[in-house]
Participant: 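What follows is a structure written as structure tokens; I'll ask about it next.
Counting starts at 1 for both ligands and their atoms, in listed order.
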Amino acid sequence: MTAGPARLEFPDGFVWGTATASYQIEGGASADGRGPSIWDVFSHTPGRTLDGDTGDVACDHYHRWRDDLSLLDELGVASYRFSVAWPRVVPTGSGAVNEAGLDFYDRLVDGLLERGIDPLVTLYHWDLPQSLEDGGGWLARDTALRFAEYAGVVAGRLGDRVGHFSTFNEPYCSAVLGYGSGVHAPGVRGIETALIAAHHLNLAHGLGATALRAHAPRDVQVSVVLNVAQVYPATDAPADVIAARHVDDLANRIFLDPMLRGHYPETLLEETSRHTDWAFVHDGDLEQIHVPLDALGVNYYSPSRICGPRPGLSTDPDAAPSTGRWIEDPTAAGKPTPVPWPATDRAWSVPQPGPYTDMGWRIEPEAFTDLLLRLSNDYPELPLLVTENGCAYPDGPGPDGRVRDDRRIDYLRSHLAAVHAAIDKGADIRGYYLWSMLDNFEWALGYRKRFGLVHVDYDTQVRTPKDSAWWYRDVIRANTVS
Ligand code: FCB
């Protein structure tokens, strides 16, 4: 007799959820006084997104939120992670508050609470008001101050019912894809610009966390969500080990160190000194950034293998694609050549063997366990939340209307097992938010990449829960993966 599949029971009180983001699902781009964001402008610029897709309508969640709450209810999630669109609440990024925009989130929060679902609210999931971008965006220090004002407005209005806020989602992507490789809005390329943006995002995080606590009418939990990169040197060669450490600085410790330790990594300052003198870090900034947090949100999809300089590799940072987002499958495309890591001339990302998801991202659940254990060892005082994990596959309804997305179920099963393994080894992981509740606007890749538990027909807006949705519902009910 062979043993059946392992039954992995999660700790009591483990929080099961799903996650979305405003620009990816809401639509209603100019409804009720919403101002334009950098993603509206970027996606409407020819050539910036696949098929010229925009978030104008997306999943029309702005109008269909009640139906979407019913879906969450059917799944049985304990919590729902969503983001507030800054340009809906403060259309020009500073000054006048748009009450109608706040009303939308007010109703959403009430609707969640009526269904017994706990909201986890992200303040910034990449949709900066365009007016602020016109004044320099994240290259302007002032944007951090405007963010703190906006954080205070949201906390004042929702903080009586929302018990947990995250300041930022993946500031790495905002800084490095937005102001480094330029494949995300606002499309700026450069090395120094990415570093300046990262610092201003850090400052905004600290000021925002302080504003949240000052303006919420009761005690709220505050966290940040980082896509901490799980990087491995491609070989044991010293050049590769150094390059992997450099990427760890540039992708991870550039946020983790100031936020959780109150300084920037010395090696990062040294290794970027050719590009910047870091004069944009003012006296007192690090104290403002280094504020107590209640949890660390971690997004994980896939690991990276890094190498250092090798003969023949391009050192032109302009040649860097957005590693891990655009590369579909470099091996299959006949280009097994390492590509420059964005916003640096010191490290390259080495194509990895499959299996891949539809994003071309390698599937490696063991790397997820490694990542969670690293964070738990480095920051034992901080509870962890998996704030995103999931996969894209193109499956749609078959002739019988059912969406058979077995590959998603396999991915989820193996990645939940990876979370369980980390808990078993002592990591304090409090919950798991699956990305995503719905198929949605996958940024520069538009609507082609489907991450949802629920299929969306973008012509009719019909929602169809996939097989994985029912599988996840059963996991939640049993608090067990089998
Ligand atoms: C993360 C983003 C999220 C989604 C997933 C696939 O980097 O936070 O909005 O695009 O990737």
Participant: Within the structure, does Glu170 bring an N/O atom to less than 3.5 angstrom of an N/O atom in ligand 1?
Facilitator: yes
Participant: Could you name the option among Glu388, Met359, Lys449 that has the heavy atom nearest to atom 3 (C) of ligand 1?
Facilitator: Glu388
Participant: Taking 4.0 angstrom as the limit and counting only heavy atoms of Asn169, give me the atoms of ligand 1 inside it, by number and element.
Facilitator: 8 (O)
Participant: Which of the atoms in ligand 1, numbered in the order shown and given with their element, are less than 4.0 Å from a heavy-atom of Trp435?
Facilitator: 3 (C), 4 (C), 5 (C), 6 (C), 9 (O)
Participant: Checking Arg88 against Tyr62: charged group under 6.0 Å from the ring centre and within 45 degrees of the axis?
Facilitator: yes
Participant: If you look only at pairs with a residue in residues 290-302, which of them pass as a salt bridge (charged side-chain N to carboxylate O under 4.0 Å, His left out), with sequence neighbours excluded?
Facilitator: Arg213-Asp294
Participant: Verify whether the ring centers belonging to Trp39 and His184 lie closer than 6.0 Å.
Facilitator: yes
Participant: Please identify which atoms of ligand 1 are closer than 4.0 Å to at least one heavy atom of Gln24.
Facilitator: 3 (C), 4 (C), 9 (O), 10 (O)
Participant: Report the C-alpha distance between Phe82 and His61 in whole Å, list the side-chain angles of each, state the deciding distance to 0.1 Å, and finish with yes or no for ring-ring contact (aromatic ring centres under 6.0 Å, His included).
Facilitator: CA-CA 12 Å; Phe82 66 94; His61 171 77; 8.1 Å; no
Participant: Should Asn227 be listed as contacting ligand 1, given a heavy-atom distance under 4.0 Å as the test?
Facilitator: no
Participant: Does Phe441 have its ring centroid less than 6.0 Å away from the ring centroid of Tyr23?
Facilitator: yes
Participant: Hey, is ligand 1 close enough to Trp126 that some N/O pair sits below 3.5 Å?
Facilitator: no
Participant: Under 3.5 Å between any N/O of Trp443 and any N/O of ligand 1: does that happen in this structure?
Facilitator: yes
Participant: Under the ring pair (Phe, Tyr, Trp, His ring centres under 6.0 Å) rule, collect the residues that match up with Phe168, sequence neighbours excluded.
Facilitator: Tyr124, Trp138, Phe147
Participant: What are the atoms of ligand 1, with element, lying closer than 4.0 Å to any heavy atom of His125?
Facilitator: 2 (C), 3 (C), 8 (O), 9 (O)
Participant: Determine whether the aromatic ring centres of residues Trp16 and Tyr433 are separated by less than 6.0 angstrom.
Facilitator: no
Participant: Would you mind running through ligand 1 and noting each atom that sits below 4.0 Å from a heavy atom of Phe451?
Facilitator: 6 (C)
